[in-house]
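Beneath this line is the structure, given in structure tokens, with notes to follow.
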Amino acid sequence: MTAEELNELIEQEVEANKLFVHSINVCVAAGCLSSHADQTLDALKKEVKAKGLDKEIKVKGVGCMGLCAAGPLVEIRDASNAAQVMYQGVQGEHAEQVVASAGKQSVQSLVCDTSIPFFAKQVKIVLENCGLIDPERIEEYIVAEGYRALQKCLQELAPTKVVEEVTKSGLRGRGGAGFPTGLKWATVAKAQNKQKYVICNADEGDPGAFMDRSVLESDPHRVLEGMAIAAYATGANRGYIYCRAEYPLAVKRLKNAIKQAERVGILGQGIMGTTFNFTVEVRLGAGAFVCGEETALIHSIEGKRGTPRPRPPFPAQSGLWGCPTLINNVETFANIPPILRKGGAWFASIGTEKSKGTKVFALAGRVSNTGLVEVPMGMKLREIVFSLGGGIPDGKKFKAVQTGGPSGGCIPEQFLDMEVDYDSIAKVGSIMGSGGMIIMDETSCMVDVAKFFMEFCKSESCGKCVPCRVGTSQMYDILCKVTDGTATPEEIAMLEELCDLLKSTSLCGLGMTAPNPVLTTMKYFRNEYDAHIQGKKCPAGVCKIKAAQEVLV
Amino acid sequence: MSKARIATVWLDGCSGCHMSLLDMDEKIITLASLIEMVYSPTVDMKQYPQNVDVCLIEGAASSDEDIHKLKIIRLNTKCLVALGDCAITGNVPSMRNMYKVEEILNRAYVENAVLQQQIPRIGVPVLQTRCRPIHEIVKVDVFVPGCPPPSETIYNCVADLLAGKTPDIGATTRFGK
Amino acid sequence: MNSTLASQIVTLKIDGKDCGARGDETILSVARENGIDIPTLCHYDGLTDIGACRICLVEVKGSPKLFAACSTLVTEGMEVSTNSPRLQRYRKTILELLFSERNHVCAVCVSNGHCELQAMAMKLGLTHVRLPYRYPNLKVDATHTRYVQDDNRCILCQRCVRVCAEIEGAHVWDIMGRGIEARAITDLNEPWGASTSCTSCGKCVHVCPTAAIFEKGKSAGEMVKRSFVSELAAKREVYE
Amino acid sequence: MSSISAMPAPPSSDKRWKLVDAAIKRHGRAGHSLIECLHTMQECFGYLDEQGLKYVATALNLPLSKVYGVATFYHIFSLKPQGEHTCVVCMGTACYIKGAPQILAALEEKYGVKPGETTKDNKLSVLTARCIGSCGLAPAVVFDGDVGGKMVSSDALKRVEKWMNI
């Protein structure tokens, strides 16, 4: 597809949309689908048809609107794409009322107030198209300025300039560790090798994280565009998206998006009339958390057991089939098109000194508004939890926020006024991770939470290196004894020793970070450990303490 | 100087460590002049005495009686030595730990028995679900691995302890020796 | 390996000693050439290194991370420390983890006295294991006419997997499952004796550091391993 | 250097092998497509049996042990058949702290099956998932592919009960 053809396509799409007076957008991302949004969508389509309004009202499925807890979400927009109203909990039976309200009085009983902080305080870059465009139609993405950044790169910017722009933006990897993206790109770009690869890590494995899922389901082309730009910048011509098989909808939409992009010549050979070639293939994960680790992921794409290998050499030097390989996660790639469109300096103006841009967080657990939010880096944790999240339901008391999944830690109340960015989260012993935030209240036992994550790590350990394989198992056993009320102070000392061992000696990040949930809970909630060990009591009432006579010896 | 009060104890093991202890030839005479054997399978003493200086323990902790004994020993002993692999690792006795106690008793006393196929229950200590190294029950001060540890190692260990030194076991023995 | 690296000469310090090396050498090989001993378990001369056992970890000045000496290439100006108290402590604890993982009963083992795990315990001064033993119930496969596989003694070093895949070329062995449930298997986890791919060459037997794989008919202490595999690997060549 | 052997014959005349066969050929019988091919086989048959693994190994020219190693490494693959219906309880963090363990306990109490087990009549398999990404609707349970959000034990039991009475 040439630039002219691209513009033509946009005009056609705009022309076609002009006919509609209103559009009714139904969220068909996984969250709302679980609340049967597909039935809502069908009912609305039927209703519009039955009322003979199908020339005036366009009913379409769109991506995630964020507030999953209130799904299915439906939004009515006018011809200028301005929002009239958002409805929550819309079922098939509401179709008639909803359709009738287009351009008229809204249905008060269904209104979802979008002036609440959950919506009002968000700054959307990654999610800018989510809830607005139909993820299954490339045309809508293109109209929403899609593939414009790629076009700009191919026509105006040399690959080195693209890397420079990304470096200038200060973007850091959104997968967890926060490695500077520009630096990674530069390393791959510099590597001397004919064959290079770009991999999108869509193996969102942290339990409690669903940002990447939402992006893939709501705006898959954005990820493809980010990858294509990366390929152009680094000199790669093949890409893989390694996606969790647990996300069938994301896989379906990705495959569909790739097909569409190939059809219009945005992927494939001679992209946009240039000599740039880039093809993308989806590879399915198969239920292994460790495959989020770069070298394990590469092994998995190669069809092997997903075990990591020692680094260096890093994938940027020697990755997939020994070739230089760029691996970024979904959200990182999703940030690329706007950065190239609006410039690195624009992106760098958002966020904090060392963490630029926005971050998408998945709010879950004991918080009123569960769902996805995108906020500028540096927003106070308290604001995220209590303002956007709406605080703790049922009058319960806040206890901790768990970030970073099994590699992260539990952040207690005293740090609520911390600004959320990579470095400040790391300072309190957790990690940013991919952006999952599980809020816990007084009904959660922190030792039990530590045990939960250790069980996770034990079962997800690949088994290759000794510290992680046996260490996680031994640590889990000790934590079981703590929650049983049978652990001794010596065993706690051993637990601490093993934490240090795993952190220092494990082969990969999984083992190195596995102690984090234990370390942070021991640091901030030592009283709960002591209560189990000395007091033989679980303060939250979660753990079943063994009676004295059951205890061996 | 008064003689050091020494005890030896035989838990779940084959008595090989005790054999090795007795196997030190003429050195046993030297040792005898330094110590008073206050409790041992080789001494007719029913109760574990108080104020024991050094106790050498052979064998793993397998039964409720073993555990009971260990606790009394610990209370009344200054320096507790785990003697041999059974005491330290569980060794051969611990090979039963992969199975349930009932399965093992059944195998030994019923399936493989020719006469009187029944599991003894009266007057015998009850087996724990697992046979364990003694340091999982009580604090151990010195570990002397080996199956059995060489006599010389045992002698040197005891001699060092009597001289108030920390025994250096390292180079003279190992697991399984 | 990489030909450009091989042509580079680098100088580095290992435990204070100045060493010269080719750029494609590992810390381990350079250390050994210079008479500095770094303990290893999963490493085997002639097989690809995987950095799995973590016994050979060393400190490199300027990095908070530890590096597996077997799989880290030397670089110019590197200052390596191989035996700090911290490393000694870690190595010992890793060894404890290994002993606690499965059922290592040295006294009745065919490799008693010739076992690398046992020797390592002695070398590192490990007199007892502070962690509780796990006592898993594991299988012994004696279906092969000449050899026996005993999971109780396996430390998952993957030497058997590597020697079979890389030197013999049969790839009879691999690892199944993961984490603490990982096991070495032959073919589709079938009895070794029924294996259609095994050539009965015995290389796996002789690279096994313990007696997880051993020759039939040997009793306690009788299994002595031969060290021909490294030589085989070194002498491999393309004929003509 | 390596020569590719002839494509082996499928283990049986079962038509589903054609789909597996197609997946193998689509990837040019490349060894790196192993995981993709195993996915196809599991979609077709519900699990991976020994014969099928042998077939895939031969077709892709891979060692048997490697195929078995891969098939058992990834937890999505199952080497034994599942029950007629599957109930997957999400055990992600959000679901865990919002009551997923109680749902599992209720299922176990009522049907006597622990996670990973199938009822004796082969009607129900209870499984757990690491996180299905429906954290906003925690706790989530997947009934034969259909995600149910904000579940409590009684809801889950009701849904399962419907299957059991057929």
Side-chain angles (χ1 to χ4, degrees), chain A residues 192 287-291 295-296 304-313 317-318 322 455-478 481 488 490-491 493-495 497-512 514 552, chain C residues 1-2 4-5 26 41-42 48-59 63-73 75 86-87 89-102 129-134 136 155-158 161 174-184:
Chain A
Q192 299 292 321
F289 174 72
V290 68
C291 288
T295 59
K304 299 173 185 163
R305 291 165 57 82
T307 56
R309 61 154 176 80
R311 300 180 305 174
Q317 299 140 1
S318 173
E455 194 278 331
F456 182 95
C457 291
K458 171 191 163 192
S459 139
E460 295 298 328
S461 165
C462 80
K464 184 172 174 178
C465 82
V466 182
C468 178
R469 180 179 76 232
V470 195
T472 53
S473 171
Q474 290 281 7
M475 288 167 85
Y476 174 72
D477 289 348
I478 296 175
K481 292 186 81 176
T488 62
E490 289 76 34
E491 283 166 320
M494 180 49 85
L495 184 63
E497 191 183 329
L498 289 174
C499 283
D500 175 44
L501 182 83
L502 265 70
K503 240 177 145 74
S504 306
T505 67
S506 296
L507 172 55
C508 82
L510 190 154
M512 286 179 186
L552 197 72
Chain C
M1 213 181 271
N2 197 315
T4 50
L5 280 179
T26 62
L41 272 180
C42 68
T48 307
D49 281 304
I50 56 172
C53 73
R54 317 308 284 167
I55 290 284
C56 74
L57 287 179
V58 295
E59 290 166 346
S63 171
K65 265 180 66 186
L66 303 176
F67 295 86
C70 70
S71 49
T72 307
L73 298 185
T75 54
R86 177 174 175 232
L87 290 173
R89 203 175 64 234
Y90 286 157
R91 284 178 188 145
K92 235 168 132 171
T93 314
I94 289 170
L95 214 53
E96 289 181 83
L97 287 172
L98 275 176
F99 274 105
S100 77
E101 184 182 16
R102 298 196 177 189
V129 174
R130 295 166 300 154
L131 291 150
Y133 292 90
R134 297 179 56 259
I155 60 167
L156 291 171
C157 67
Q158 301 188 38
V161 180
D174 212 310
I175 305 295
M176 72 165 276
R178 70 186 191 207
I180 199 77
E181 304 298 331
R183 307 276 181 266

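So that the names make sense, note that chain A is the first sequence line, chain B the second, and so on, each numbered from 1. Hydrogens, waters and symmetry mates play no part in the numbers below; they use all other heavy atoms, side chains included. From a predicted model like this one, the values you see are computed outputs, not experimental measurements.
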Examine whether an atom of C/Glu181 lies under 4.5 Å from a heavy atom of chain A, and if so say whether it belongs to the side chain, the backbone or both; otherwise answer neither.
->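 Contact with chain A is absent: no heavy atom of C/Glu181 under 4.5 Å.
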
Under a 4.5 Å heavy-atom cut-off, does chain A meet the side chain of C/Asp49, its backbone, both or neither?
->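 Interface part for C/Asp49: neither.
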
Taking every heavy-atom pair that is under 4.5 Å apart, which of [options] has the most such pairs with chain C?
options: A/Pro308, A/Gly471, A/Pro467, A/Cys468; value: A/Pro467
options: A/Met512, A/Lys503, A/Met494; value: A/Met494
options: A/Pro310, A/Cys457, A/Gly306; value: A/Pro310

Which atom of [X] lies closest to which atom of [Y], heavy atoms considered:
X: A/Thr505; Y: C/Arg54; result: O-NE, 2.7 Å
X: C/Ser100; Y: A/Gln474; result: OG-NE2, 2.9 Å
X: C/Leu97; Y: A/Val466; result: CB-CG1, 4.1 Å

With a 4.5 angstrom heavy-atom cut-off, could you sort out which part of A/Ser504 is near chain C: side chain, backbone, both or neither?
->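 Both backbone and side chain of A/Ser504 come within 4.5 Å of chain C.
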
Measuring heavy-atom distances to chain C, does A/Arg309 have an atom under 4.5 Å in its side chain, in its backbone, in both, or in neither?
->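 No part of it gets close to chain C.
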
Spatial distance of atom CD1 (C/Ile50) from atom OG1 (A/Thr307) [nearest 0.5 Å] =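 C/Ile50 CD1 to A/Thr307 OG1: 8.0 Å, rounded to 0.5 Å.
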
What distance separates A/Arg469 CZ from C/Ile155 CD1, expressed to the nearest 0.5 Å?
->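 Between atom CZ of A/Arg469 and atom CD1 of C/Ile155 there are 8.0 Å.
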
Quick one: does A/Arg305's side chain have a donor or acceptor within less than 3.5 Å of a partner on C/Gly177's backbone?
->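 Side chain of A/Arg305 to backbone of C/Gly177, a donor-acceptor pair under 3.5 Å: yes, one is there.
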
Is there a donor-acceptor contact under 3.5 Å from the side chain of A/Glu460 to the main chain of C/Gly179?
->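 Not at all, since once roles are kept as given, no pair shorter than 3.5 Å links the two residues.
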
